[in-house]
Amino acid sequence: MKNHLMLSAAAGAILLVSGGAAFADTLDAAPVATAPAEVSEVDAVIVIGQGQSRQVQTLKNDAIGLEASGTSPLKAIDKLPGVTFQSADAFGAYEWSARISIRGFNQNQLGFTLDGVPLGDMTYGNHNGLHISRAIASENIGRVELAQGAGALGTASTSNLGGTLQFFSRDPSQAMGGQLDATAGSKAMHRVFGRFETGAIEQLGGLRGYVSVADQKSDKWKGDGEQKQRQYDAKLVMPLGDRGELAGFYHRSERREQDYQDLSFDMIKRLGRNWDNTLPNWNLAVAAARAYQTGGALPAPFTTVDDAYFAGAGVRDDDLYGAKLDLDVTDNVTLNATAYQHKNKGQGLWYTPYLASPGFGTAGSTAAPLSIRTTEYDIDRGGLTADLAIELGAHRISGGFWHEINHFNQARRFYAETAAAPSRNPLDFQENPFATQWQYAFDTKTLTGHLEDEWTITDAFKVNFGFKAIKVTNKVKTVVGNPLAGEIESKDTFLPQVGLVYKLTPDFEVFGGYTENMGAYVSAATSGPFSSLNQDNVNYVSQNLEPEASKTFELGGRYRTQRFQGVAAVYHVTFDNRILAVQQGSSIQGNAPVLSNVGSVETKGIELAGTFRLTDSWSLYGAYTYNDSKYQDDVVSANGTVQARTKGKTVVNTPKNIFKGEIAFDQAGFFAKLGVAYTDERYYTYENIGGLAPSTTIADLTLGYRFDEDTWGKGLEIQANITNLTNKDYISTIGSGGFVNSDPNGTAMTVLPAPPRQYYISVKKAF
């Protein structure tokens with residue numbers, strides 16, 4: 001209720017301010033300069049951030065549209081320098097497996113926004129946001145902007161230690177029309193997307209908008225089960241004369257996806273890469289659980305009860321809505337403000353053999369020797385962002401704030417099953433638990449502010465300097481379980497950022513910058529300082545540990561001509577106060593981790609990227625990244641005992657060499673794209689003992705044809721996509737079950753194989 005009142009008040013404030021004040025994004029949050037007019041449509045899908053004081057690239061919706069329909073935009077931006085993306089499905093949308101890292105920073109150390117609205121850290125058990133694949137249908141994304149460093153000062157994030165991804169929705173069309181797409185492919189996949197555009201309605205002051213629906217369903221590529229999602233998006237834009245516009249938005253997602261079994265290298269050797277949960281073989285799952293409960297022999301081919309479970313699933317419902325104002329108050333003053341609300345209901349579940357249903361083992365009982373364990377999520381958050389910019393001669397002074405209140409309720413519950421046959425659907429929200437292990441209510445208050453000056457010294461030379469302040473307060477209240485109480489605060493009032501851009505010639509510019517940032521503690525029972533579920537540990541973190549922090553140096557150059565645009569950059573990052581949550585037992589058991597501060601990480605690297613238009617029809621794109629991330633300290637306990645010898649070891653999930661290449665063709669209606677990606681070997685062990693996923697080279701192919709409008713009408717095209725073109729057998733996601741100190745025997749269940757070659761075909765029609 002408080003958040004609803006907050007949203008109403010914030011929206012009212014926006015409307016009030018629109019009468020006489022305005023605010024624009026800071027220099028670094030401003031739209032990236034577009035490519036020169038001479039660059040063809042094929043080249044323009046990736047824009048090198050001309051005029052920016054940091055490493056920035058923008059990916060346009062054309063590039064996302066060349067992927068298979070329903071593909072996550074995270075998979076589309078994998079081609080950009082510094083980025084590593086992994087997933088166990090062809091679309092990059094299966095959230096348990098989706099992992100993105102930038103310059104050695106993992107997903108929960110990055111920042112994500114949609115139209116300026118914070119998406120949190122996009123982790124699977126999200127506590128402060130939602131995944132981009134749920135936030136908006138991919139067909140409605142207008143562009144994606146990647147800043148490989150900490151991002152702009154005004155970014156609404158307190159986790160962007162190592163990079164920022166900003167997603168922007170497409171604007172409604174000025175003309176009435178629509179879009180209808182239909183896709184079918186491997187594993188009974190089908191997707192239907194429809195969008196209706198109102199066009200500008202003159203009787204309503206030029207109001208325009210769209211509504212869309214996307215429905216997708218696919219069987220898993222191995223094992224049994226399905227993954228499906230339905231999304232609803234709506235956006236309205238009201239022009240405010242020639243001074244700006246007021247926009248409203250609403251996004252709803254209903255996601256139901258069944259999990260793949262986490263594997264180990266040992267399991268892959270024993271059982272094969274296609275081993276999965278036992279669904280639909282209920283009797284096998286029950287036999288394994290009964291053996292565990294009674295001490296009997298496990299059924300073949302089990303050697304441990306963790307070899308497979310009956311099923312696992314994630315169910316999520318999200319509603320995200322709000323209003324956004326962009327206004328030129330005067331010729332020299334601009335205002336940008338957004339009020340938003342997000343509500344989430346979610347469950348992550350699996351059939352656990354570790355706890356039998358009530359009554360198992362008693363005479364005449366029908367109870368199963370297993371039960372369903374859930375982790376349940378309930379998010380209700382609302383916030384306001386605002387930025388004001390003033391042009392004062394050669395200076396552009398900008399400043400703003402972000403305020404959010406997040407009420408997050410999290411619980412661990414168990415639900416009974418029957419021995420003869422399953423009585424519950426894992427893709428439904430479970431009801432009527434027989435036990436609640438724990439339940440906690442968290443309140444998180446976030447307040448950030450920033451101030452910046454962009455100084456245009458000459459037409460060729462610009463500098464920007466400013467700072468950001470962060471204050472995040474985390475509170476916990478026990479509902480069920482070990483008593484937890486108290487407050488933890490993350491605070492830094494001066495996080496500086498400086499940058500420069502110098503145009504040496506009309507075609508070549510250099511840029512550089514320095515940024516400090518802090519990652520705030522999070523409020524959850526499964527991550528952050530409260531995840532120990534122990535009051536003494538909470539007190540220890542509050543009194544002794546410092547939040548994670550980063551210092552980033554960048555230096556680079558950009559070169560652009562009629563046929564070529566490219567960038568080269570070097571960077572050095574120091575990551576201090578690294579917080580490590582040491583998992584106790586297998587991750588799926590959900591034992592409380594132990595949190596400690598384990599020192600620093602040093603990262604050095606080089607990034608190269610460029611697009612070359614070979615002819616009017618052919619273009620070539622390439623990106624190379626060299627990244628060297630090393631731990632600077634061993635993990636040492638309070639009494640001085642070395643718990644993990646990590647000093648000098650390579651950071652987990654950080655390939656040293658990454659290469660991405662694409663060749664594209666577009667002429668006379670025909671279009672094609674061949675993409676190749678090389679990813680170097682990666683560790684999931686902190687000590688680099690065992691746990692090394694081999695390097696991989698993967699190719700994807702797109703082929704299509706746009707029909708002549710005079711014959712077939714507006715916007716008819718057909719597109720075919722082949723993922724994993726060479727049918728490569730490789731490990732995609734590592735760390736799905738967490739990272740471990742060492743794994744010399746390959747028994748850690750924390751890897752997921754990639755899907756084999758998949759085929760999809762889409763028919764798209766605009767109206």
### Summary
residues 276-289 vs salt bridge (Lys or Arg N to Asp or Glu O under 4.0 Å), sequence neighbours excluded, gives K220-D276

### Query
Does any non-hydrogen side-chain atom of I379 lie less than 4.5 Å from one of K343?
no

### Query
Is there a side chain to side chain contact (heavy atoms under 4.5 Å, CB included) between Q347 and Q430 once you walk through the steps?
CA-CA 8 Å; Q347 291 183 351; Q430 304 303 309; 3.7 Å; yes

### Query
Between D215 and R230, is there a side-chain N and carboxylate O pair less than 4.0 Å apart?
yes

### Message
Enumerate the salt bridge (Lys or Arg N to Asp or Glu O under 4.0 Å) contacts for residues 284-305, please, sequence neighbours excluded, ordered by first and then second residue.
### Response
none

### Query
Going by heavy atoms in the side chains, are I698 and N724 under 4.5 Å from each other?
yes

### Query
Going by atom types alone, do Y678 and D680 pair a side-chain donor with an acceptor below 3.5 Å?
yes

#### Entry: Between H251 and D233, a side-chain donor and acceptor under 3.5 Å
yes

#### Entry: Electrostatic pair R256:D317 at N-O distance under 4.0 angstrom
yes

### Message
Between K217 and E226, is the salt bridge (Lys or Arg N to Asp or Glu O under 4.0 Å) condition met? List the steps.
### Response
CA-CA 7 Å; K217 180 179 177 181; E226 59 188 17; 3.3 Å; yes

### Message
Can you pull out every salt bridge (Lys or Arg N to Asp or Glu O under 4.0 Å) where at least one residue sits in residues 64-74? Sequence neighbours excluded, please.
### Response
E67-K673

### Task
Give a yes or no answer on whether the side chain of D266 reaches the backbone of G746 with a donor-acceptor pair at less than 3.5 Å.
no

### Query
Is the closest side-chain heavy-atom distance between Q86 and S732 below 4.5 Å?
yes

### Query
Taking atom types as modelled and ignoring hydrogens, do the side chains of Y351 and N277 form a donor-acceptor contact shorter than 3.5 angstrom?
no

### Query
With no hydrogens and no angle check, do the side chains of T747 and N745 hold a donor and an acceptor under 3.5 Å apart?
no

### Query
Side chains of V192 and D181: closer than 4.5 Å at any heavy-atom pair?
no

### Task
Determine whether the side chains of Q719 and T702 contain a donor N or O and an acceptor N or O closer than 3.5 Å.
no

### Task
Step by step, work out the ring-ring contact (aromatic ring centres under 6.0 Å, His included) result for F265 and Y684.
CA-CA 12 Å; F265 287 146; Y684 62 75; 5.8 Å; yes

### Task
Among residues two or more places apart or on two chains, list those pairs meeting salt bridge (Lys or Arg N to Asp or Glu O under 4.0 Å) that have a residue in residues 413-434.
E376-R413

### Query
Residues in side chain to side chain contact (heavy atoms under 4.5 Å, CB included) with A68, at least two apart?
T71, F91, N721, Y760

### Task
Decide side-chain hydrogen bond (donor to acceptor under 3.5 Å, both in side chains) for N128 and N406; before the verdict, give the C-alpha distance in whole Å, the side-chain angles of both, and the deciding distance to 0.1 Å.
CA-CA 7 Å; N128 63 354; N406 179 19; over 6 Å; no

### Task
Check the pair Y250 / Y232 against ring-ring contact (aromatic ring centres under 6.0 Å, His included), numbers first and verdict last.
CA-CA 8 Å; Y250 173 71; Y232 306 89; 8.1 Å; no

### Task
Decide yes or no on side-chain hydrogen bond (donor to acceptor under 3.5 Å, both in side chains) for D259 and Y309, but give the supporting numbers first.
CA-CA 10 Å; D259 291 325; Y309 313 109; over 6 Å; no

### Query
When you look at L165 and V144, which way does the side chain to side chain contact (heavy atoms under 4.5 Å, CB included) test go after all the steps?
CA-CA 7 Å; L165 272 167; V144 184; 3.8 Å; yes

### Message
What verdict does the salt bridge (Lys or Arg N to Asp or Glu O under 4.0 Å) test give for R255 and E95, after you've listed the backbone C-alpha separation in whole Å, the side-chain angles of each residue and the deciding distance to 0.1 Å?
### Response
CA-CA 10 Å; R255 172 164 286 201; E95 284 190 39; 3.5 Å; yes

#### Entry: Derivation of the side-chain hydrogen bond (donor to acceptor under 3.5 Å, both in side chains) call for D378 and N344
CA-CA 6 Å; D378 187 353; N344 164 266; over 6 Å; no

### Query
Does E254 pair with R252 as a salt bridge, N-O distance under 4.0 Å?
yes

### Message
Under the rule for side chain to side chain contact (heavy atoms under 4.5 Å, CB included), what residues qualify as partners of S523, not counting sequence neighbours?
### Response
F442, T444, N474, F530

### Query
Will you find, in the side chains of T303 and D307, an N or O donor that is under 3.5 Å from an N or O acceptor?
yes

### Query
Between W282 and F310, how do the two ring planes meet: parallel, tilted or perpendicular, split at 30° and 60°?
perpendicular

### Message
Do Y260 and W96 make a side-chain contact, defined as non-hydrogen atoms from C-beta onward lying under 4.5 Å apart?
### Response
no

### Task
Classify the side-chain pair S742/T685 by whether it contains a donor and acceptor separated by less than 3.5 Å.
no

### Derivation and outcome, side chain to side chain contact (heavy atoms under 4.5 Å, CB included), residues D262 and T750
CA-CA 6 Å; D262 288 328; T750 193; over 6 Å; no

### Query
Would K345 count as a cation-pi partner of F429, with NZ or CZ less than 6.0 Å from the six-membered ring centre and within 45° of the ring normal?
yes

### Message
Using modelled atom types and a 3.5 Å cut-off, is there a donor and acceptor pairing between side-chain atoms of Q179 and backbone atoms of R195?
### Response
no

### Message
Quick one, S69 with S762, criterion side-chain hydrogen bond (donor to acceptor under 3.5 Å, both in side chains). Give me CA distance, side-chain angles, the key distance, then yes/no.
### Response
CA-CA 7 Å; S69 293; S762 300; 3.2 Å; yes

### Task
State whether a side-chain donor-acceptor pair under 3.5 Å links S87 with D89.
yes

### Query
Do L110 and F105 come within less than 4.5 Å of each other through their side chains, counting heavy atoms only?
yes

### Query
Between T375 and T526, is any pair of side-chain heavy atoms under 4.5 Å apart?
yes

### Side-chain H-bond candidate by donor/acceptor type, Q231 with N140, under 3.5 Å
no

### Message
Could you go through N409 and Y377, starting from their C-alpha distance and side-chain angles, then the distance that decides it, and tell me whether this counts as side chain to side chain contact (heavy atoms under 4.5 Å, CB included)?
### Response
CA-CA 6 Å; N409 193 292; Y377 314 90; over 6 Å; no

